[in-house]
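Encoded as structure tokens, the structure appears first; notes follow it.
Hydrogens, waters and symmetry mates are skipped; everything else that's a heavy atom, side chains included, is used.
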Amino acid sequence: MVCLLFLGVFSDPVRVKVEGFVGDSAIFSCSIPESEIQGKTEEFSVHLRDDEGKTVCDITGGNSTCKDQDPKYKDRVETFPDEYKKGNFTFKLNGLQKNDARKYICHITGPSQNHTITELHVKDRPGGRGNHGRLNGELLSIVYFLVIFFLAGILIFMFVAVTFCVARMVFRY
């Protein structure tokens, strides 16, 4: 009997992989079956932590509280309180940054327990824009080439114009 209790408490976590783009949002699924909630959302605590143990956000007593969250997550986390009664304690992380790519652990405690490990991958947006809006290397090389070509054209034009003016002055007399 004791062995069965321990097996239930220490069951394997759900593992999820999520991909997002810099500047977009990512969803961290964290739930238990609705049948286990039975109107007792206030008896559950939900904690979302990153793999360094930093607080992303908590839901306790049926209320989202991000007061102890790490500053890097400040004003970037949303929860969905209307979904709690269904066992859905999903978190949304907005404004993704490259350094958000890591594992996140969502742990639900209360009459029922569950934990989910989400591995977040953050990619640069297709089309040459990445973190902080920097241009990719190939496009930057083309821009440099065009600028140098334009400046060389101006220098050649100035050289020809000056040569023409000097020649006109010399051969006028």
My understanding is that only residues two or more places apart in sequence, or in another chain, count here; which of them pass salt bridge (Lys or Arg N to Asp or Glu O under 4.0 Å) with Asp24?
Arg125
Measure the CG-OG1 distance between Leu48 and Thr79 for me, rounded to the nearest 0.5 Å.
11.0 Å
Scanning both residues in full, the closest heavy-atom pair of Cys57 with Arg49 reads O-NH1, 3.8 Å
Taking all non-hydrogen atoms of both residues into account, name the closest pair between Ile105 and Asp51 and its distance.
CD1-CA, 4.3 Å
Check: Gly62 main-chain N/O paired with Glu42 side-chain donor or acceptor under 3.5 Å
no
Check for me, please, whether Phe80 and Val77 land in the same ILVMFWY cluster - side-chain distances under 4.5 Å, paths through other members count.
no
If you compare all heavy atoms of Ser31 against all heavy atoms of Asn114, which two are closest, and at what distance to 0.1 Å?
O-ND2, 2.7 Å
Can Ile27 be reached from Ile59 by stepping across I, L, V, M, F, W or Y side chains whose heavy atoms are under 4.5 Å apart?
no
Nearest heavy-atom approach of Ile37 to Gly87 is CG1-CA, 3.5 Å
Using 0.5 Å steps for rounding, measure from the CD atom of Gln113 to the CD atom of Glu36.
10.5 Å
Spacing of CZ belonging to Phe28 relative to CG belonging to Leu93, to within rounding of 0.5 Å:
5.0 Å
Does NZ belonging to Lys40 count more than 12 external heavy atoms closer than 6.0 Å?
yes
Give the C-alpha distance, both sets of side-chain angles, the deciding distance and a yes or no for salt bridge (Lys or Arg N to Asp or Glu O under 4.0 Å) between Glu52 and Arg102.
CA-CA 9 Å; Glu52 295 176 348; Arg102 62 183 63 243; 3.3 Å; yes
hydrophobic_cluster_shared for Val56 and Ile117, side chain cutoff 4.5 Å:
no
Please enumerate all residues that pass ring-ring contact (aromatic ring centres under 6.0 Å, His included) together with His121, with sequence neighbours excluded.
none
Going from CD on Glu119 to NZ on Lys17, what distance comes out if it is rounded to the nearest 0.5 angstrom?
5.0 Å
Is the closest side-chain donor-acceptor distance between Asp50 and Tyr73 under 3.5 Å?
yes
Heavy-atom pair with the smallest gap, counting every atom of Ile108 and Phe89
CD1-CD1, 3.9 Å
Got Tyr84 and Ser64 here, is their nearest side-chain heavy-atom distance under 4.5 Å?
yes
Atom OG in Ser29, atom CG in Asn88: separation rounded to 0.5 Å?
6.5 Å
Taking atom types as modelled, is there a side-chain donor on Thr60 or Asp58 under 3.5 Å from an acceptor on the other?
no
To the nearest 0.5 Å, how far apart are NE2 in His115 and NE2 in His107?
6.5 Å
Pair Tyr104, Thr116: side-chain N/O donor-acceptor within cut-off below 3.5 Å:
no
Give the cluster check for Val22 versus Leu120: same hydrophobic cluster or not, with ILVMFWY residues linked at side-chain heavy-atom distances below 4.5 Å.
yes
Is the shortest side-chain heavy-atom distance between Glu83 and Pro81 below 4.5 Å?
no
Side chain to side chain contact (heavy atoms under 4.5 Å, CB included) between Glu78 and Asn94: does it pass, once the steps are laid out?
CA-CA 8 Å; Glu78 291 179 54; Asn94 298 308; 2.8 Å; yes
Answer yes or no: does atom NZ of Lys72 have more than 12 heavy-atom neighbours from other residues, nucleotides or ligands under 6.0 Å?
yes
For Lys123 and Glu19, which heavy atoms make the closest approach, and how far apart are they?
NZ-OE1, 3.2 Å
Given Ser25 and Leu96, is the side chain to side chain contact (heavy atoms under 4.5 Å, CB included) satisfied, shown in steps?
CA-CA 6 Å; Ser25 301; Leu96 289 179; 5.6 Å; no
With side chain to side chain contact (heavy atoms under 4.5 Å, CB included) as the criterion, how do Phe44 and Ile32 come out once you've worked through the C-alpha distance, each side chain's angles and the decisive distance to 0.1 Å?
CA-CA 10 Å; Phe44 288 88; Ile32 57 173; 3.3 Å; yes
